[in-house]
Amino acid sequence: MNVQVAVNGYGTIGKRVADAVTLQPDMELVGVAKTRPNHEAELAESKGYPLYAAIEDRIDLFEEAGIELAGTVDELVAAADVVVDACPSGIGAENKSLYEDHDTPALYQGGEDADLVDTSFNARGNFADAVGADHVRVVSCNTTGLSRLLAPLEAEYGVEKARVTLIRRGGDPAQSGRGPINDILPNPVHLPSHHGPDVNTIFPDLDIDTLGLKVPATLMHTHSVNVTLESTPDADAVAELLEGESRIFLIPEGSDIDGAGALKEFAMDRGRPRGDIWENCIWRESVSMEGSDLYLFQAIHQESDVVPENVDAIRAVTGAADAEESIARTNETVGVGF
Ligand SMILES: NC(=O)C1=CN([C@@H]2O[C@H](COP(=O)(O)OP(=O)(O)OC[C@H]3O[C@@H](n4cnc5c(N)ncnc54)[C@H](O)[C@@H]3O)[C@@H](O)[C@H]2O)C=CC1
Ligand SMILES: O=C(OP(=O)(O)O)[C@H](O)COP(=O)(O)O
């Protein structure tokens, strides 16, 4: 029988993961849980996703809005083999006991603390660590992007030290209340930002320092990367290695893609749902070697790069496939790769 998947928290990440689950030949979406009957609840209903009330006291609100409910989140979890918790940061931790009560394995997102779970997860980095685990955290968009990049570099050349400055979007496009709106904020102002330690939840021995900023942009994050390698390949060899990674897109020279705006346009022109870009986007022209130092710029679509990772994490916890099989199946069904 196909794996029965529930999604608790149907927002930016949850709605994308739900759609990706419906594309999997070995999974079924049991339903999604929402706290209130907003436009996203209507979307779930129009897609035919059974909708469950995340908060029992609010059932009446759905009835008043004319949105039919299939039950409560408790019933949703009871019917699922795996829950993907895509609630706002911190709520996943509050939900943990619900999943434990039902003995249902759960995936959490990057906003939760690493110590909430048995293991953090990145498909390219440490798929095997999550096999059979009960509580797994799919690392944040930024850490996902860094892990995908560092995994092949470490395997092929060895990483002596990575130094990354993360220029982070202030909020997602629909988050009108976030900022900054006219500033460039060191955020966090202290070193390291949480991203380096987060990468170490995937690669415990990797030496990495990270600095973060927030800027008035909503489309994507941008990473300025310097990795001191343990060998001295030339830039073409590194580019070729990265080109061979299924979740890395090397932006070709001469494509006129100069930033996140053009990348989003590119994705929309190619019919990507919601203009999503599941891949790390690395400017080929930026891939440079100075001795053993690699430099490059990559852009990360925060709303979507973790989506294929969640699908793979479902297969890891259920033992349904190994990393290679799962990544290939997810890529093919979702459409990863330009
Ligand atoms: N948006 C992003 O760029 C990324 C977010 N993440 C992480 O994913 C998680 C979710 O973030 P987003 O999808 O952006 O948040 P979001 O706010 O867009 O969506 C969260 C959804 O959960 C719902 N919700 C709130 N309380 C709930 C409850 N008790 N039960 C069920 N649903 C509840 C909200 O109404 C909303 O629909 C966070 O941990 C975040 O750090 C990870 C990567 C990127
Ligand atoms: O986890 C993210 O970024 P982060 O890795 O910089 O914390 C996502 O972009 C969500 O960030 P947010 O918690 O600032 O919305």
Side-chain angles (χ1 to χ4, degrees), residues 6-20 31-44 49 51-59 61-62 67 69 71-77 80 83-99 106-114 116-117 120-122 135-148 166 168-178 194-195 198 212 214 217-222 260 264 274-278 280 299-310 313:
V7 175
N8 188 18
Y10 190 72
T12 305
I13 302 297
K15 64 189 174 188
R16 287 170 166 84
V17 171
D19 288 352
V32 302
K34 282 252 359 131
T35 50
R36 55 185 192 279
N38 66 357
H39 70 96
E40 284 161 334
E42 285 171 14
L43 174 73
Y49 300 167
L51 189 63
Y52 291 75
I55 299 171
E56 253 186 273
D57 294 354
R58 299 208 192 150
I59 289 175
L61 296 180
F62 287 87
I67 294 178
L69 287 175
T72 64
V73 67
D74 199 65
E75 293 167 295
L76 174 62
V77 176
V83 184
V84 179
D85 185 297
C87 292
S89 302
I91 306 285
E94 290 175 16
N95 290 336
K96 187 177 182 182
S97 60
L98 168 67
Y99 311 139
L107 309 183
Y108 306 85
Q109 307 305 312
E112 303 302 327
D113 289 341
L116 179 72
V117 294
S120 292
F121 179 87
N122 170 256
H135 299 277
V136 170
R137 167 177 166 268
V138 176
V139 290
S140 83
C141 44
N142 280 312
T143 308
T144 294
L146 291 175
S147 300
R148 286 177 182 168
L166 299 100
R168 300 149 71 208
R169 60 81 178 107
D172 294 338
Q175 292 175 316
S176 52
R178 291 183 53 161
H194 60 278
H195 307 94
D198 211 20
K214 281 197 179 178
T218 63
L219 298 178
M220 298 177 82
H221 303 295
T222 304
K264 291 288 287 177
R274 302 181 172 97
D276 282 351
I277 306 173
W278 303 294
N280 292 23
I300 300 294
H301 186 219
Q302 74 281 356
E303 295 172 287
S304 69
D305 74 328
V306 298
V307 172
E309 307 297 328
N310 272 274

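As the structure is a prediction and not an experimental result, all values here were calculated from the model. Because only heavy atoms are used, hydrogens play no part in the values below, and waters and symmetry mates are left out as well, while side chains stay in. In listed order, ligands and their atoms are each counted from 1.
A salt bridge is absent between R178 and D172: the closest approach of a Lys/Arg side-chain nitrogen to an acidic carboxylate oxygen does not fall below 4.0 angstrom. A salt bridge does not link D85 to R137: none of the charged nitrogens lies less than 4.0 Å from a carboxylate oxygen.
Taking 4.5 Å as the limit, some side-chain heavy atom of K264 sits within range of a side-chain heavy atom of I277. Taking 4.5 Å as the limit, some side-chain heavy atom of D19 sits within range of a side-chain heavy atom of R274.
Looking at every heavy atom in both residues, V73 comes nearest to Y52 through N-CB, 4.2 Å.
Ligand 1 has no nitrogen or oxygen under 3.5 angstrom from a nitrogen or oxygen of E112. Of the polar atoms of I91, none of the N or O atoms is found under 3.5 Å from an N or O of ligand 1, judged by distance alone. Looking at I13 next to ligand 1, an N or O pair under 3.5 Å apart turns up.
Atoms of ligand 1 found under 4.0 Å from any heavy atom of C141 (numbered from 1 in listed order, with element): 43 (C), 44 (C). Near N8, the atoms of ligand 1 lying under 4.0 angstrom from a non-hydrogen atom of the residue are 30 (N), 31 (C). With ligand atoms numbered from 1 in the order given, ligand 1 contributes 7 (C), 8 (O), 9 (C), 39 (O) to contacts under 4.0 Å with heavy atoms of Q109. Close contacts of ligand 1 with G111, meaning ligand atoms under 4.0 Å from a residue heavy atom, involve 39 (O), 41 (O).
Here CD of E94 is found 11.0 Å from CG of L116. Values are rounded to the nearest 0.5 Å. Separation of atoms SG (C87) and CG (N95) is listed at 5.0 Å; rounding is to 0.5 Å.
Between the side chains of T144 and S147, no donor-acceptor pair is found at a separation under 3.5 Å.
When heavy-atom distances to ligand 1 are checked against a 4.0 Å cut-off, R169 comes that close only through its side chain, counted from C-beta outward. Residue-level proximity to ligand 1 for A86 is carried by the backbone, the only part with a heavy atom below 4.0 angstrom. The proximity of R36 to ligand 1, defined as any non-hydrogen pair under 4.0 Å, is limited to the side chain. Looking at T12 against ligand 1, both its backbone and its side chain come within 4.0 Å, counting heavy atoms. Contact annotation: for D172 versus ligand 1, heavy atoms closer than 4.0 Å belong to the side chain alone. By the criterion of a heavy-atom distance under 4.0 Å, the backbone of Y10, and not its side chain, is placed next to ligand 1.
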Salt bridge (charged side-chain N to carboxylate O under 4.0 Å, His left out) between R16 and E303: does it pass, once the steps are laid out? CA-CA 8 Å; R16 287 170 166 84; E303 295 172 287; 3.8 Å; yes
For a salt bridge (charged side-chain N to carboxylate O under 4.0 Å, His left out) check, start with the C-alpha distance between E309 and R148, then their side-chain angles and the critical distance, and finish with the verdict. CA-CA 11 Å; E309 307 297 328; R148 286 177 182 168; 2.7 Å; yes
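For atom 26 (N) of ligand 1, the nearest non-hydrogen atom from the set V32, V307, T35 comes from T35. When the heavy atoms of S89, G110, C87, A93 are ranked by distance to atom 9 (C) of ligand 1, first place goes to C87. Residue nearest to atom 21 (C) of ligand 1, selected from G11, G92, A54, A41: G11 (by heavy-atom distance).
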